[in-house]
Amino acid sequence: MPRGWFPKIKQVRAFVVRGGGADYHDQGEGHWIDDHIATPMARYPEYRRSRQSFGINVLGTLVVEIEADDGTMGFAVTTGGEPAAFIVEKHLARFLEGRDPRETEKIWDQMYFSTQYYGRKGLVVNAISGVDLALWDLLGRLRQEPVHHLLGGAVRDELQFYATGARPDLAKQMGFIGGKMPLHHGPAEGIEGLHKNIAELAEMRSRVGADFWLMLDCWMALDLDYATRLAHAAHEHGLKWIEEALSPDDYWGYAALKQAAPKGMLVTTGEHEATRWGFRMLLDMECCDIIQPDVGWCGGVTELIKIANYADAKGALMIPHGSSVYSYHFVVTRHNSPFAEFLMMAPKADQVVPMFHPQLIGEPVPENGRLKASALDKPGFGVELNRDVPLARPYTH
Ligand SMILES: C[C@H](O)[C@H](O)CC(=O)C(=O)O
Ligand SMILES: [Mg+2]
């Protein structure tokens with residue numbers, strides 16, 4: 001590359017892919033991730049047994065590809081599918097094409113404020129996140145540096161993981177530091193459901209012993225009263241944290257839950273929160289002990305820098321939700337992210353398989369619950385798109 005010259009962005013393209021990958025709820029029959037999990041829709045008996053029954057996997061994966069005018073390509077995957085592909089192609093692409101890919105701040109700002117009248121959270125911010133991640137991937141590839149070098153470099157030699165899945169007992173044998181289980185029964189299943197939830201936790205505690213971390217993921221399913229009762233009953237069985245117990249819009253409920261939770265039990269949330277402004281609410285209102293942004297949903301790396309810095313200044317931990325390499329490159333650069341999540345995508349949660357399988361090639365996975373930082377030392381996010389998985393490009397511009 002001649003001195004002073006840097007390629008410009010030539011084109012942004014958006015594709016849709018089905019079957020697992022970034023839309024990790026898009027799994028086949030019999031997968032633990034769709035086995036009677038408590039959700040806000042479980043108040044309707046017909047949507048209680050399966051999250052796919054109410055359309056959890058309706059969107060599919062969004063793939064964003066950004067080509068520079070020297071032929072270098074960056075890409076990223078997140079959820080959002082066809083509607084997000086529309087937003088990327090028809091609205092967001094204009095803020096990148098012809099621009100210098102190093103202008104990550106200005107590009108983010110223009111994507112966010114140009115969509116603010118219909119965006120701010122959810123699908124639109126997923127689309128922005130996908131573009132932002134693809135841009136950081138492109139930057140890393142153009143500079144021949146891993147993204148974590150662009151973010152200030154690793155602060156430790158390895159990452160350590162807890163596992164999310166139905167089998168913390170197996171996760172323990174596989175070397176993880178803890179296991180987070182989905183809660184199975186919500187308030188609509190009454191006291192009987194509450195007893196079943198506690199019995200499952202007690203059974204798992206008896207299998208993993210006293211010291212292994214056990215957590216419950218409540219996927220926005222509870223109300224304050226139920227969450228408080230669950231937290232107190234679970235305390236007896238050493239629950240380390242209660243996750244996403246309430247609606248993400250109920251900041252007041254989270255603040256009350258944090259006050260009401262037993263001493264020593266952490267309240268965590270944020271995987272369905274977005275942007276610095278959403279996390280500022282969670283942190284300023286003292287809603288939780290750990291924030292859990294998903295880098296593919298909260299606004300991408302450019303926004304996560306701001307979210308993580310604010311959490312750091314407030315003395316809060318920032319443990320990203322899932323998101324594979326996109327979170328690993330971030331976590332490794334942060335002291336307030338001392339461990340990371342690994343989602344067990346094997347249908348029985350009985351083996352480690354790549355989290356975004358089958359969409360990425362070269363996706364690193366933990367061994368013995370750990371991953372060497374050196375496994376991330378490849379340009380960009382260090383993964384390739386599996387072109388054997390059919391990609392559709394529903395819109396162009
Ligand atoms: C297991 C949870 O219900 C959800 O599918 C994933 C999640 O919330 C998490 O990994 O955290
Ligand atoms: Mg969760």
Side-chain angles (χ1 to χ4, degrees), residues 20-28 30-42 47-59 61 78-79 126 161-168 170-171 176-186 197 200-201 204 213-222 227 230 239-248 254 257 266-274 282 287-298 317-324 326-328 331 337 339-349 352-356 366:
D23 192 357
Y24 58 88
H25 290 120
D26 195 19
Q27 304 290 340
H31 198 288
W32 70 264
I33 208 156
D34 204 23
D35 181 18
H36 196 124
I37 287 172
T39 78
M41 289 295 282
Y47 297 123
R48 199 170 285 164
R49 197 192 54 80
S50 150
R51 295 195 277 194
Q52 290 194 13
S53 71
F54 67 74
I56 198 172
N57 60 335
V58 77
L59 293 173
T61 293
T78 183
T79 42
N126 283 19
F161 293 86
Y162 76 86
T164 295
R167 297 297 303 271
L170 300 183
F176 289 94
I177 56 173
K180 185 172 82 188
M181 300 185 284
L183 188 80
H184 284 121
H185 309 281
N197 287 329
E200 281 173 30
L201 176 64
M204 197 49 75
W213 297 359
L214 281 180
M215 296 77 95
L216 279 175
D217 189 318
C218 309
W219 210 73
M220 308 168 277
L222 311 181
L230 177 71
L239 189 72
K240 185 170 175 73
W241 77 60
I242 178 165
E243 176 166 324
E244 222 188 10
L246 309 173
S247 160
Y254 277 107
L257 179 61
L266 305 175
V267 173
T268 75
T269 193
E271 89 185 51
H272 295 99
E273 188 54 86
L282 288 178
C287 293
C288 57
D289 301 283
I290 301 181
I291 57 163
Q292 300 169 304
D294 185 304
V295 65
W297 303 342
C298 72
L317 291 184
M318 194 284 294
I319 309 295
H321 170 248
S323 43
S324 182
Y326 303 110
S327 74
Y328 306 162
V331 165
S337 308
F339 56 90
E341 175 179 15
F342 188 78
L343 261 155
M344 300 293 281
M345 293 320 302
K348 302 285 170 221
V352 169
V353 297
M355 209 190 292
F356 282 179

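Each ligand, and each atom within it, is numbered from 1 in the order the structure gives.
- Look at Lys180 and you'll find a heavy atom under 4.0 Å from some atom of ligand 1.
- At least one N or O atom of Asp217, backbone or side chain, sits closer than 3.5 Å to an N or O atom of ligand 1.
- The contact set between ligand 1 and Ile33, taken as ligand atoms under 4.0 Å from a residue heavy atom, comprises 5 (O).
- Within the listing of ligand 1, atoms 9 (C), 10 (O), 11 (O) sit less than 4.0 angstrom from a heavy atom of Glu341.
- Neither the backbone nor the side chain of Gln292 has any atom closer than 4.0 Å to an atom of ligand 1 (non-hydrogen atoms only).
- Contact between Glu243 and ligand 1 is present, with at least one heavy atom of the residue lying under 4.0 Å from the ligand.
- Aromatic rings of Phe176 and Phe339 (six-membered ring for Trp) have centroids beyond the 6.0 Å cut-off, not under it.
- Contact record, Leu214 with Pro168: CD2-CB, 3.6 Å, taken as the closest heavy-atom pair.
- Close approach of ligand 1 to Leu343 is summarised as follows: ligand atoms under 4.0 Å from at least one heavy atom of the residue are 10 (O).
- In this structure, the protein non-hydrogen atom closest to atom 6 (C) of ligand 1 is Tyr24 OH, 3.8 Å.
- The atoms of ligand 1 that sit less than 4.0 Å from any heavy atom of His25 are 4 (C), 5 (O).
- Here the side chains of Tyr326 and Thr78 are not in contact, with every heavy-atom distance at 4.5 Å or above.
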(request) Any chance you could lay out the side chain to side chain donor-acceptor pair (under 3.5 Å) test for Asp34 and Ser50, step after step, and finish with the verdict? (result) CA-CA 5 Å; Asp34 204 23; Ser50 150; 2.8 Å; yes
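- Residue Glu341 holds its CD atom at 8.5 Å from CE of Met215, rounded to the nearest 0.5 Å.
- Residue Arg51 places a heavy atom under 4.0 Å from ligand 1.
- Residues Lys180 and Leu216 fail the side-chain proximity criterion, which asks for heavy atoms closer than 4.5 Å.
- Counting non-hydrogen atoms of neighbouring residues, nucleotides and ligands closer than 6.0 angstrom, the OH atom of Tyr47 reaches no more than 12 such neighbours.
- Checked by atom type and distance alone, the side chain of Glu271 never pairs as donor or acceptor with a backbone atom of Trp297 at under 3.5 Å.
- Looking at Trp32 next to ligand 1, no N or O pair under 3.5 Å apart turns up.
- The minimum heavy-atom distance between Lys348 and Arg167, with the atom names listed, is O-CG, 3.7 Å.
- Among heteroatoms of the N, O or S kind in Glu271, OE1 lies nearest the Mg ion (ligand 2).
- Between Trp219 and ligand 1, no N or O atom pair is found at a separation short of 3.5 Å.
- Distances from the Mg ion (ligand 2) to each N, O or S atom of Asp217 single out OD2 as the nearest.
- Take the N/O/S atoms of Glu243: the one nearest the Mg ion (ligand 2) is OE2.
- Going from atom CZ of Arg51 over to atom CG of Asp35 covers 10.5 Å, rounded to the nearest 0.5 Å.
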